[in-house]
Amino acid sequence: MTDTNERSQDTPESVDPGGEDAGVNHSDDDSSARPNRRTGEDPSSTEPVTDGRSEQVDGGDPPLPDSETDEKPPESRIDEMLREESSEEKGPSRGLFDDLLSGEPIFEKKEVLRPSYTPRKLPHREDQINNMATILVSALRGDTPSNILIYGKTGTGKTASAKFVSEELESTSKKYEVPCEVEYINCEVTDTQYRVLAQLANKFIEKNRSRIDETIDEYESLRERAREDSSALADTEFDSVEEVDERIDSLESERDSFNEVPMTGWPTDRVYNSFFDAVDYRERVVVIMLDEIDKLVEKSGDDTLYNLSRMNSELERSRVSIMGISNDLKFTDFLDPRVNSSLGEEEIVFPPYDANQLRDILEARADIAFKDGALTEEVIPLCAAFAAQEHGDARRALDLLRTAGELAERDNTNNVEEDHVREAQEKIEIDRVVEVVRTLPQQSKLVLFAIILLEKQGVHNINTGEVYNIYKRLCEELDTDVLTQRRVTDLISELDMLGIVNAVVVSKGRYGRTKEISLSVPLEETEAVLLSDSRLGDIEDVQPFVQARFDN
């Protein structure tokens with residue numbers, strides 16, 4: 001009897017007591033068969049239940065449908081449940097980058113604003129470009145061009161102009177079928193004689209192999225035609241297929257003789273000989289462009305330049321010319337007189353840009369880099385003015401404009417405005433400080449760290465003696481050599497020249513003169529860069545050293 005009544009509550013239709021449960025909906029939960037927790041009624045009661053469908057038991061099923069809806073197909077109820085679950089479990093429909101991509105892009109071609117881009121037109125550098133072209137045109141006549149030294153501060157268009165002229169030289173040589181090649185080496189990265197020679201050797205070895213493979217393919221095709229028809233050799237230098245085979249074998253031996261130079265491990269003489277043989281494999285005029293050439297001289301001396309400038313007296317098939325690019329107008333003072341005389345045959349100076357010239361450069365790049373109407377009127381003049389203060393640095397101006405555009409994109413705005421330029425100026429300045437501090441020598445980092453520790457303790461008008469006391473304790477903590485106070489004073493002057501600190505000599509009357517030192521860069525950012533150094537990061541607690549200075 002109980003089982004029958006349990007089923008009678010589950011079914012939406014009246015059931016004959018004692019009859020079969022033909023109308024039972026088995027998909028519903030049978031929790032209603034338990035005693036009602038609100039009323040305490042026993043489900044085994046034979047009295048008809050009138051309110052059980054209108055009340056929802058806590059934790060149980062929702063109310064059963066009225067009789068009018070009982071005829072819905074089973075899938076209707078399932079669809080409703082699925083929709084309810086979907087609405088409850090539904091997460092954010094947009095992905096991580098959807099919001100960032102929702103705004104209109106500001107840039108059309110951002111790469112135009114990067115230093116690596118070589119434009120087809122370089123405003124205000126026509127004289128220098130024409131001067132270079134006048135010197136290098138002799139390469140297209142098969143003669144050896146004079147060596148060129150290009151001077152100028154950072155961002156004055158030296159490298160961009162030299163690359164532009166080089167690209168024009170190579171394209172013109174192909175048009176007139178004159179073998180002329182330009183190889184670019186960045187001496188700030190490739191800064192030793194071994195690496196320069198190895199990199200150059202491998203470039204020419206790769207070109208030689210490629211040229212040999214092309215020739216072998218041509219001879220193999222000729223051989224196949226000659227085997228089918230001997231008249232294919234009529235207008236060639238070969239009298240038989242066997243001679244073609246011999247030439248192919250000879251070329252394959254030559255190709256295999258060019259061994260790639262490893263970046264370490266060989267004697268320098270062997271590397272030089274590999275480079276020499278690779279260059280002189282066939283007739284051509286080669287221009288070797290050494291960017292940041294002063295870095296190579298500073299790191300490795302002038303041996304590389306001496307060898308390269310003297311190559312032509314030994315080469316039989318090819319000719320080599322050197323184009324050096326430098327930010328330091330005085331680096332030739334440290335060269336051997338023989339190297340200086342042969343290297344500096346022609347000199348070209350790139351003066352800094354003024355604000356009006358920088359504006360022209362930015363306008364030419366902005367037309368390509370940005371969407372129409374993306375820049376407000378004051379953006380380019382402000383970028384030009386900021387960069388003109390930095391010794392007419394066009395690279396700085398382009399970085400400012402690009403960074404301002406990126407900041408505007410992050411703000412989801414459609415225009416680059418003056419505020420974005422000012423924000424970009426602050427960001428670039430911090431980035432510059434980070435890069436300068438990160439590349440400081442270890443001893444300079446310790447001196448700077450000592451100054452930071454004193455400033456963090458509220459010490460003003462720091463003098464050299466106070467810095468030296470903290471510096472010595474840092475050296476003891478790191479178990480490193482301690483420089484003399486005179487040498488630390490020199491390091492403070494170098495930090496002053498870099499704009500990291502401000503060191504002013506003041507008179508103390510009868511107590512003599514001293515340097516008063518203060519930090520010129522953001523303290524927290526600079527300290528974070530210093531602590532990212534693995535050695536300085538080992539200092540667990542620098543507070544005692546500062547405190548010890550006050551105790552003394």
Side-chain angles (χ1 to χ4, degrees), residues 153-154 186-196 264 291-304 326-331 333-334 390 428-456 462-505 515-540 542 545-546 549:
K153 292 183 177 294
T154 301
N186 186 344
C187 296
E188 191 168 19
V189 179
T190 310
D191 57 356
T192 64
Q193 179 178 208
Y194 186 105
R195 291 178 182 174
V196 169
T264 57
D291 200 358
E292 307 283 357
I293 190 173
D294 50 297
K295 299 292 193 301
L296 176 64
V297 174
E298 180 183 335
K299 181 74 177 287
S300 305
D302 55 12
D303 290 345
T304 310
S326 173
N327 298 330
D328 185 1
L329 278 68
K330 297 182 178 180
F331 94 97
D333 296 345
F334 303 99
E390 298 286 334
I428 289 175
E429 182 63 25
I430 291 175
D431 291 344
R432 184 192 71 84
V433 170
V434 167
E435 182 61 23
V436 170
V437 173
R438 187 182 63 81
T439 55
L440 285 174
Q442 187 72 29
Q443 292 287 351
S444 296
K445 286 183 178 179
L446 290 172
V447 172
L448 179 58
F449 198 23
I451 297 170
I452 288 175
L453 293 177
L454 288 166
E455 287 228 350
K456 285 181 68 177
I462 303 167
N463 61 51
T464 308
E466 293 169 337
V467 174
Y468 189 69
N469 287 337
I470 308 299
Y471 160 79
K472 284 195 301 182
R473 289 175 168 81
L474 290 173
C475 291
E476 291 168 2
E477 173 71 12
L478 296 178
D479 193 24
T480 190
D481 294 338
V482 179
L483 302 179
T484 63
Q485 184 163 339
R486 179 182 292 275
R487 180 62 185 134
V488 168
T489 302
D490 293 339
L491 293 180
I492 293 172
S493 299
E494 291 175 10
L495 294 174
D496 184 23
M497 290 177 59
L498 291 170
I500 298 174
V501 302
N502 183 32
V504 180
V505 178
K515 277 187 177 180
E516 290 189 349
I517 306 157
S518 60
L519 205 60
S520 301
V521 293
L523 189 149
E524 292 183 0
E525 288 85 352
T526 307
E527 182 183 18
V529 176
L530 290 174
L531 292 177
S532 67
D533 186 303
S534 58
R535 295 202 65 191
L536 288 176
D538 291 339
I539 301 176
E540 296 181 359
V542 294
F545 303 125
V546 180
R549 176 260 182 194

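Owing to the predicted nature of the structure, the values given are computational and were not obtained by experimental measurement.
- Using a 4.5 Å cut-off on side-chain heavy atoms (C-beta onward), Val433 and Glu525 make no contact.
- Within a 6.0 Å radius of CG in Asp481, other residues, nucleotides and ligands contribute 12 heavy atoms or fewer.
- Note that CD1 of Ile462 is 10.0 Å distant from CD of Glu516, once rounded to the nearest 0.5 Å.
- Looking at every heavy atom in both residues, Thr192 comes nearest to Ser300 through CA-OG, 3.1 Å.
- Contact record, Ser520 with Gly499: CB-O, 3.4 Å, taken as the closest heavy-atom pair.
- Within the model, atoms SG of Cys187 and NZ of Lys299 stand 11.5 Å from one another, a figure rounded to the nearest 0.5 Å.
- Atom OH in Tyr468 sits 11.0 Å away from atom CG in Leu491 (nearest 0.5 Å).
- Nearest approach of Phe449 to Leu531, heavy atoms of both residues: CZ-CD2, 3.7 Å.
- Screening Val447, Leu495, Val467, Asp496 against Ile517 for a side-chain contact (heavy atoms from CB on, under 4.5 Å) leaves a single residue, Val467.
- The two residues Ile492 and Val501 come nearest to each other via the heavy atoms O-CG2, 3.9 Å.
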Requested in this report: Could you walk me through whether Asn469 and Arg473 pass side chain to side chain contact (heavy atoms under 4.5 Å, CB included), step by step?
Outcome: CA-CA 7 Å; Asn469 287 337; Arg473 289 175 168 81; 3.8 Å; yes
Requested in this report: Under the side chain to side chain contact (heavy atoms under 4.5 Å, CB included) rule, what do Glu188 and Asp291 come out as? Steps first, then yes or no, please.
Outcome: CA-CA 8 Å; Glu188 191 168 19; Asp291 200 358; over 6 Å; no
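- Atom-to-atom distance recorded for Leu474:CG and Glu477:CD is 8.0 Å, nearest 0.5 angstrom.
- Considering only heavy atoms from C-beta on, Thr190 stays 4.5 Å or farther from Leu296 through its side chain.
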Query raised in the report: Does the pair Arg487 and Glu494 meet the rule for a salt bridge (Lys or Arg N to Asp or Glu O under 4.0 Å), with working shown?
Result: CA-CA 11 Å; Arg487 180 62 185 134; Glu494 291 175 10; 3.8 Å; yes
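- The CD atom of Glu527 lies 7.0 Å from the CG atom of Leu453; values are rounded to the nearest 0.5 Å.
- To the nearest 0.5 Å, atom CG of residue Leu448 and atom CG of residue Leu530 are 5.0 Å apart.
- Residues in residues 435-450 take part in these side-chain hydrogen bond (donor to acceptor under 3.5 Å, both in side chains) pairs, two or more places apart or across chains: Glu435-Arg438, Gln443-Tyr471, Lys445-Asp533.
- Taking 4.5 Å as the limit, every side-chain heavy atom of Leu483 sits out of range of all side-chain heavy atoms of Leu446.
- Listed by chain and number, the residues in a side chain to side chain contact (heavy atoms under 4.5 Å, CB included) with Ser518 are Glu455, Asn502 (sequence neighbours excluded).
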Query raised in the report: Given Val437 and Val521, is the side chain to side chain contact (heavy atoms under 4.5 Å, CB included) satisfied, shown in steps?
Result: CA-CA 10 Å; Val437 173; Val521 293; 5.5 Å; no
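- Between Ile451 and Ile500 the shortest side-chain heavy-atom distance does not fall below 4.5 Å.
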